[in-house]
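Accompanying notes for the structure given below.
Order of the sequence lines sets the chain letters (A, B, ...), proteins ahead of strands, with each chain counted from 1. What's counted below: heavy atoms across the whole structure, side chains too, no hydrogens, waters or symmetry copies.
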Amino acid sequence: MDLKIYNTLAGKKEAFVPINEGKVGMYVCGPTVYDTSHIGHARSVVVFDMIFRWLGQIGFEVTYVRNFTDVDDKIIRKSNETGETCTAITEKYIDEFHNEMDALNVLRPTMEPKATEHIRHIIDFIQKLIDKGKAYHVPGGDVYFSIDSFEEYGKLSGRNPEDMRAGARIAVDEKKQSPLDFTLWKPAKPGEPSWDSPWGKGRPGWHIECSAMSAEYLGQGFDIHGGGKDLIFPHHENEIAQSEALFGCQFVKYWIHNGFVDINNEKMSKSLGNFTMIKEVLADYSPEVIRLFLLSKHYRSPIDYNEDSMREVSLGLDRIYAFLERLEDAGITGDDQNRGGLWEDFTTAMNDDFNSARALGSVFEAVKRGNKILDDAGDSPDAGAATELSAVYGDIKTLSRVLGIFMEAPKDWFAAKKEKGMADQAIDPADIDKLIEERTAARKSKNFARADEIRDQLQAMNIVLEDGPSGTFWRFEGK
RNA sequence: GGCGGCUUGGCCAAGGGGUAAGGCAACGGCCUGCAAAGCCGUUAUUCUCCGGUUCAAAUCCGGAAGCCGCCUCCA
C-alpha cells in the first residue's frame with residue numbers, strides 16, 4: 001500500500017509521488033528563537049519528526065530542512081527589554097530548543113539553517129523579484145511584494161484578495177500599492193541588527209527567509225512543506241507567491257499542517273496565562289509519555305493537554321512496557337527483520353496520512369492478543385506461540401523507532417519510573433523493602449489485617465504491590 | 001464579514017457507503033488469603049438534530065444547532 005498525504009493545497013488526501021524517485025525534500029518552519037518553547041512547538045516538531053522517520057522507514061532518502069528565524073521584531077524587542085544582544089538571545093534559545101528536542105528524542109533535521117546566515121541569498125531573491133516587477137522599493141527603504149503581480153495569490157488558504165480587502169482587519173499603509181502587500185525588506189533603526197543592501201541598511205521580513213533558504217537547500221520546487229495550521233495564512237501563502245513569482249514553477253507539491261494543542265480546552269494565549277512550556281511538561285512526564293500523548297491523536301486535529309489525558313497515556317504506555325517485559329521474561333525476543341501482522345496494520349495506518357492514532361490502536365490490539373497467548377500458555381509458550389510472539393516483539397521494536405516510543409528496555413523503563421517516584425516523594429527504597437518484608441511475614445502467619453494495612457499504607461504513596469510466584473514486587477502508579 | 005474544521009459509549013479516540021478499532025474508567029467472572037497485574041464477559045441497534053439519495057449511511061447530499069481555528073505575531 002502506498003503513502004497518502006492530506007495536502008492542504010488540494011484540500012484532500014493524495015497519493016504521494018515525489019518529484020525525484022526515491023528522494024524527498026522536506027522543509028518545516030522552525031521556531032523564532034526569542035523565547036522558551038511551549039507544548040505546541042513540541043507537537044509540531046514531534047509530528048514532523050514522526051513523518052521524517054516514516055518516510056525514511058519506507059525507503060525514501062529524505063533531506064529535511066528546519067530553519068531558525070533568528071532575526072525578527074520580537075527578538076529585537078526582547079533585546080531592547082533585557083539589554084542582551086540579539087545574538088546572545090538567539091543563541092540561548094537555539095541551545096534551549098536543541099536540548100528540549102533532544103530530550104524528546106527528536107532526530108535532528110538534515111539541515112538547520114539560520115536566516116542570518118543567508119542574508120545574501122535573501123537579498124538576491126528580493127532583487128530578482130524587483131527585476132521581474134513582482135516587488136517594489138519605496139522611499140524610506142521598505143521593499144514590498146506586490147500581490148497583484150501574482151495571479152494565484154490565495155490558492156493555498158482559499159482566500160481571494162478581494163474578500164480580504166473588504167475585511168476590516170487590514171491596516172492601511174499609504175506606501176503600499178495594495179494593503180495586502182507584505183514586507184520583504186525593512187530598513188533598520190539605529191542599533192538594530194542590519195545588513196547592507198541595494199535599499200540601504202536593513203533586515204529581511206519573515207516570509208522571504210523560508211523561500212530563500214528552501215530554494216538554497218531543496219531547489220526551486222520540492223516535495224513537502226510543513227508547519228502549524230496557523231502558518232497557512234499569511235506565511236505559507238506568501239512563500240508560494242514569492243517563490244512561484246520568481247521561479248515560475250510549482251514551489252511545493254504537498255503542504256502538511258498540524259493542528260494546535262489546547263490546554264484544558266482553551267487555546268494557549270497570553271491573556272489566559274496558560275502557556276505550557278516544554279520544560280514544565282518534561283519536569284512532570286517522561287519524554288515517551290509526552291510523545292505518546294502528542295501522537296495519540298491524528299496530527300491534523302486539535303489535541304487537548306490536561307492531567308487526565310496525560311495520566312491515561314502514561315498508564316497505556318506502562319501496559320505496553322509490562323507486556324514487553326513479560327515477553328522478555330518468557331524468553332521471547334525478536335528483531336526488526338521479523339515482521340508480523342502488527343507491522344502490516346501499523347504500515348496501513350501510517351501510510352494513510354500518518355495516522356499515528358490508528359497505528360497505536362493496532363499496537364494495543366497486538367498487546368492484548370499477545371497477553372492472551374501468554375496467559376493460555378502459562379507464560380511458557382510452545383514453538384508456534386513463541387514464533388508469533390517473537391514477531392509481535394520484533395514489530396514493536398521496529399515501530400518504536402518510527403514513533404520514538406517504547407524504545408527503552410522494559411526493566412530500565414520501570415526502574416527509571418521507580419527512581420523518579422522515589423525522588424519526587426523522597427522515599428527510601430529500603431523503607432519500602434522493610435514494609436514488604438513485614439507484610440510477607442504477616443501473610444505467612446496469616447495476619448492478613450496487618451498485611452492489608454501495609455498495602456494500604458503503600459497505596460497512599462502511589463505504590464502498588466504485586467504478589468507473584470517469585471515474590472512481591474512494587475511499582476509506582478501514575479506519571 | 002470572508003475562509004476552514006469539528007460534534008462517535010462515563011471520559012479520550014480510530015473509522016468515513018456494507019452493518020461501530022483501541023485506551024482509560026466501571027461492573028461481573030477466572031486467578032489470589034484478599035488484592036494487584038493479565039485474560040474473558042458486560043457497558044453505543046447506534047455515531048448532535050432534521051430531511052434526502054441508496055438494496056444499504058456514523059460514513060454521500062441539503063438544512064439546523066453547538067463548539068473551534070484562521071483572516072494580527074503565533075506551532
| message | List the residues meeting ring pair (Phe, Tyr, Trp, His ring centres under 6.0 Å) with A/F97, not counting sequence neighbours, and say none if there are none. | response | A/F68
| request: Please report the C-alpha distance between A/F48 and A/W54 in whole Å, then the side-chain angles of each, then the deciding distance to 0.1 Å, and finally whether the ring-ring contact (aromatic ring centres under 6.0 Å, His included) criterion is met. | output: CA-CA 10 Å; A/F48 286 102; A/W54 183 246; over 10 Å; no
| Basic-acidic side-chain contact under 4.0 Å: A/R439, A/D452 | no
| Euclidean distance for P, B/rC70 against B/rC40 (whole angstrom) | 44 Å
| request: Starting from the C-alpha separation in whole Å, work towards a yes-or-no answer on salt bridge (Lys or Arg N to Asp or Glu O under 4.0 Å) for A/D345 and A/R358. | output: CA-CA 9 Å; A/D345 293 345; A/R358 190 165 134 205; over 6 Å; no
| Is any side-chain N of the basic residue among A/R443 and A/D467 closer than 4.0 Å to the acidic one's carboxylate O? | yes
| field | 5'-to-3' dot-bracket of RNA chain B (Watson-Crick, G-U; under 3.5 angstrom; crossing pairs as [ ]; | other strand) | value | ((((((((.[[[..)..(...]]].(((((.......))))).....[[[[[..)....]]]]])))))))....
Tabulate protein N/O versus nucleotide N/O from nucleotides 73-75 of chain B, keeping only pairs under 3.5 Å, one per line.
{"residue": "B/rC73", "atom": "O2'", "partner": "A/K74", "partner atom": "NZ", "Å": "2.4"}
{"residue": "B/rA75", "atom": "OP1", "partner": "A/H41", "partner atom": "NE2", "Å": "2.9"}
{"residue": "B/rA75", "atom": "O5'", "partner": "A/H41", "partner atom": "NE2", "Å": "3.2"}
{"residue": "B/rA75", "atom": "O2'", "partner": "A/G228", "partner atom": "N", "Å": "2.4"}
{"residue": "B/rA75", "atom": "N1", "partner": "A/V261", "partner atom": "N", "Å": "2.8"}
{"residue": "B/rA75", "atom": "N3", "partner": "A/G40", "partner atom": "O", "Å": "3.2"}

| message | Enumerate the ring-ring contact (aromatic ring centres under 6.0 Å, His included) contacts for residues 437-474 of chain A, please, sequence neighbours excluded, ordered by first and then second residue. | response | A/W474-A/F476
| request: List in numerical order all residues of residues 94-112 of chain A for which some heavy atom is under 4.0 Å away from an atom belonging to RNA chain B. | output: none
| request: For nucleotides B/rA44 and B/rU19, find the distance between their C1' atoms and express it as a whole number of Å. | output: 14 Å
Identify every side-chain donor-acceptor pair in residues 205-213 of chain A under 3.5 Å, counting partners at least two apart or on other chains, and give the distances.
{"residue": "A/H207", "atom": "ND1", "partner": "A/H235", "partner atom": "ND1", "Å": "2.9"}
{"residue": "A/H207", "atom": "NE2", "partner": "A/N238", "partner atom": "ND2", "Å": "3.1"}
{"residue": "A/E209", "atom": "OE1", "partner": "A/N67", "partner atom": "ND2", "Å": "3.0"}
{"residue": "A/E209", "atom": "OE1", "partner": "A/T69", "partner atom": "OG1", "Å": "3.1"}
{"residue": "A/E209", "atom": "OE2", "partner": "A/T69", "partner atom": "OG1", "Å": "3.3"}
{"residue": "A/S211", "atom": "OG", "partner": "A/E239", "partner atom": "O", "Å": "3.2"}
{"residue": "A/S211", "atom": "OG", "partner": "A/Q242", "partner atom": "OE1", "Å": "2.8"}
{"residue": "A/S211", "atom": "OG", "partner": "A/S243", "partner atom": "OG", "Å": "2.9"}

| Residues which pass ring pair (Phe, Tyr, Trp, His ring centres under 6.0 Å) with A/Y393, listed by chain and number, not counting sequence neighbours | none
| Test: A/K411 and A/E325 ion pair at under 4.0 Å | yes
| request: State which residues pass ring pair (Phe, Tyr, Trp, His ring centres under 6.0 Å) with A/F293; sequence neighbours excluded, sorted by chain then number. | output: A/Y305
| task | Using a 4.0 Å heavy-atom cut-off, write out nucleotides 29-44 of chain B from 5' to 3' as B (base contacted by protein), S (sugar-phosphate only) or - (no contact). | result | ----BBBBSBSS----
| message | Measuring only the C1' atom in each nucleotide, how far is B/rA58 from B/rG17? A whole number of Å is fine. | response | 10 Å
| field | Within 45° cone of A/Y34 ring axis and under 6.0 Å: A/R77 NZ or CZ | value | no
| Of all residues at least two apart in sequence or in a different chain, which pass the side-chain contact (heavy atoms from CB on, under 4.5 Å) check with A/D35? | A/K78, A/Y93
| query | So, does A/Y321 use its side chain to make a donor-acceptor pair with the main chain of A/A409 at under 3.5 Å? | reply | no
| With sequence neighbours excluded, residues passing side-chain contact (heavy atoms from CB on, under 4.5 Å) with A/E419 | A/M422
| task | Using a 4.0 Å cut-off on protein heavy atoms (strictly under), produce a 5'-to-3' string for nucleotides 8-21 of chain B with B for base contact, S for backbone-only sugar-phosphate contact, and - for none. | result | -----SSS-----B
| query | Does A/R450 pair with A/E453 as a salt bridge, N-O distance under 4.0 Å? | reply | yes
